[in-house]
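What follows is a short report on a single structure.
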Amino acid sequence: MTRFLPRWAAVLAAMSAVVLPAPVAASAEPTGATVTWAVQPADARGPDGRRWIEHTLDPGTVLTEHLAVRNFGDAPVVFALQAADGYLTDKGRFNMLTAGQESVDGGTWITLPETVTVEAKQTTVVPFTITVPPDATPGDHPAGVAATVTSAGGTVAVQSRVGFRVMLRASGTVTAAVTVEDLAVGHERSWNPFASGGVHLTFTARNSGNVAVTGAGTVRVSELFGLTGRNGSTEVPELLPGDSRQVEAHVGGVWGLGRYSTTVEVTPAVVSGDPTGAQVRPTGITVTGWTVPWPQLVLGILVGILLLGWRTVARRRRRQLTRMLDQARAEGRESVLAGD
C-alpha cells in the first residue's frame, strides 16, 4: 500500500487521539505512570515483520490472524482493543474510525477480544478472526486494528491508540478506475510579450472502482487550433474506493493567443495485491478556454503607432524635399531668363 514505511512509522500509522486536547503520541499516562506501547502484525509466535495485514479472501471465508501488543513501560497495562473501518485523511495518511463512529465495512469483519493485559516489558500476541460476509462485494474493504489506553486529566478523558491497517479484499472482478471531474483551467500570462506564460489547472480525482489506486496523468495544452501544444504530467495520490482528492498541475510554455484547449488523461494503477486480470479504465476530460493576449496586442499597437508615425514623417519630408526641388528649378529658370 502506501510506499514502504519505516518500521516505526508503520507501527504508529494509525495512532490518533479521540479528544482534541491530547497530542498524537505512542505514550499515555492512564494512572500517573507513563505508558509506551506498539502494535504490530504477528503470527502465533510474535511479531512477524509485516507492516500491515493484507488478504484477498472469498466471500464466506473465516480466517484467524494475530496482532502483538508490546508494553515498553514499567508496569502492567490493560489495553482496550478496537477494530474499525479504515480511511485516508486529507493528507493521504491511513487512519481508522474512532470508537464513537460506527463501522459499516471492513471493520465489521474483524472480531477480537475487548481487552488484553500486557505485563511490563513484555509482548502479548492476540489472535483475532476475520469473517468475510457471504454477500461481500468484490474489491477492497479497508480496516484497522488498534490498542487503546485511556488517560484521565482533569475533567477530560483522552483515548490514545496505536495500530495498523488491515487491507481486506473480497475476491471477484477487480476494477481500477479514476474519474476526473471539475477540471478548472486558468492561463498565467507573462507581461513580457516575448516570453510565454503557463496554464495552471485543478481537478477532482475520484476513485470510481472497487480497489485502492494511484494514477499517472498526462496534460496537454493546445493552441492556434491545434497547431502548437505543450505537454505536462500529474500524479493522482492513493485513493481508496469512493475517495476523492483535488489534484493540481502546471504546464509551461503556453502563450495564450486566444483559444486553447486542455486535456487531462489519467491511467489508474492497482496499489496492492495481484493486479492480474484487473479491469483498468483510463479516463480523460477536455475543456476549452479563451485568453486575450494583451502583451502582444499592446506591442502590436505600439509597433503600429511607430510605423504610422515613421510613415507620416517620411511623407512630410518627401513633400518638403519635393517643394524645395521645385523651388530650386523655378529659381534656376528665372535666372536663365534674366540672363537672356
Side-chain angles (χ1 to χ4, degrees), residues 1-17 24-30 33-57 61-88 93-99 103 106-107 109-132 140-151 159-169 212 238 271-274:
M1 297 299 298
T2 304
R3 302 293 182 252
F4 301 106
L5 300 172
R7 179 179 297 274
W8 288 111
V11 171
L12 304 179
M15 187 186 310
S16 66
V24 176
S27 62
E29 298 182 2
T34 300
V35 178
T36 304
W37 73 103
V39 181
Q40 298 170 268
D43 56 24
R45 295 168 296 181
D48 56 12
R50 290 179 292 175
R51 292 174 172 82
W52 52 76
I53 289 175
E54 184 176 336
H55 290 292
T56 298
L57 303 170
T61 298
V62 179
L63 175 71
T64 298
E65 263 289 0
H66 300 80
L67 61 85
V69 182
R70 304 179 65 183
N71 178 7
F72 299 107
D74 297 323
V77 179
V78 178
F79 295 96
L81 300 179
Q82 178 195 3
D85 291 350
Y87 67 96
L88 294 176
R93 297 176 181 175
F94 188 86
N95 207 336
M96 54 185 282
L97 299 181
T98 62
S103 295
W109 300 7
I110 299 173
T111 303
L112 72 172
E114 292 185 0
T115 62
V116 61
T117 301
V118 184
E119 299 296 325
K121 309 294 185 182
Q122 297 298 312
T123 299
T124 299
V125 174
V126 181
F128 63 91
T129 302
I130 300 172
T131 303
V132 185
D140 288 347
H141 301 265
V145 294
T148 302
V149 170
T150 301
S151 58
Q159 285 188 339
S160 300
R161 64 183 183 180
V162 180
F164 56 85
R165 66 170 70 185
V166 181
M167 296 305 298
L168 302 175
R169 178 173 296 174
E238 180 182 0
V271 172
S272 64
D274 185 3

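We use all heavy atoms of the structure for the numbers below, so side chains are in, but hydrogens, waters and symmetry mates are not.
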Q: Report the C-alpha separation of I130 and V62 in whole Å, then their side-chain angles, then the decisive distance to 0.1 Å, and conclude whether the side-chain contact (heavy atoms from CB on, under 4.5 Å) test is met.
A: CA-CA 6 Å; I130 300 172; V62 179; over 6 Å; no
(Q) If you apply the rule side-chain contact (heavy atoms from CB on, under 4.5 Å), what do you find for L67 with F164, and how did you get there? (A) CA-CA 9 Å; L67 61 85; F164 56 85; 3.9 Å; yes
(Q) To the closest 0.5 Å, what do you measure between CZ (R70) and CD (Q40)? (A) 5.5 Å
Q: Look up atom NE2 in H66 and atom CG in L112, then write down how far apart they are to the nearest 0.5 Å.
A: 12.5 Å
Determine the minimum heavy-atom distance between [X] and [Y], stating which atoms define it.
X    : Y    : answer
E119 : P76  : OE1-CG, 3.3 Å
P41  : D48  : O-OD1, 3.2 Å
G107 : D85  : N-OD1, 2.7 Å
R45  : V125 : C-CG2, 4.2 Å
H55  : I53  : CD2-CG2, 3.5 Å
S103 : A83  : OG-O, 4.5 Å

Q. Is the gap between the ring centers of W37 and F79 under 6.0 Å?
A.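 Between F79 and W37, which both carry aromatic rings, the centre distance is below 6.0 Å.
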Q.
Do the side chains of E238 and R93 get close enough for a salt bridge, i.e. N-O under 4.0 angstrom?
A.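 No, this pair does not count.
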Q) Does W52 have R165 sitting over its ring (NZ/CZ under 6.0 Å from centre, angle to axis within 45°)? A) yes
Q. Out of L81, T115, V145, which residue meets the side-chain contact (heavy atoms from CB on, under 4.5 Å) rule with V126?
A.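 Among L81, T115, V145, the one that satisfies the side-chain contact (heavy atoms from CB on, under 4.5 Å) with V126 is L81.
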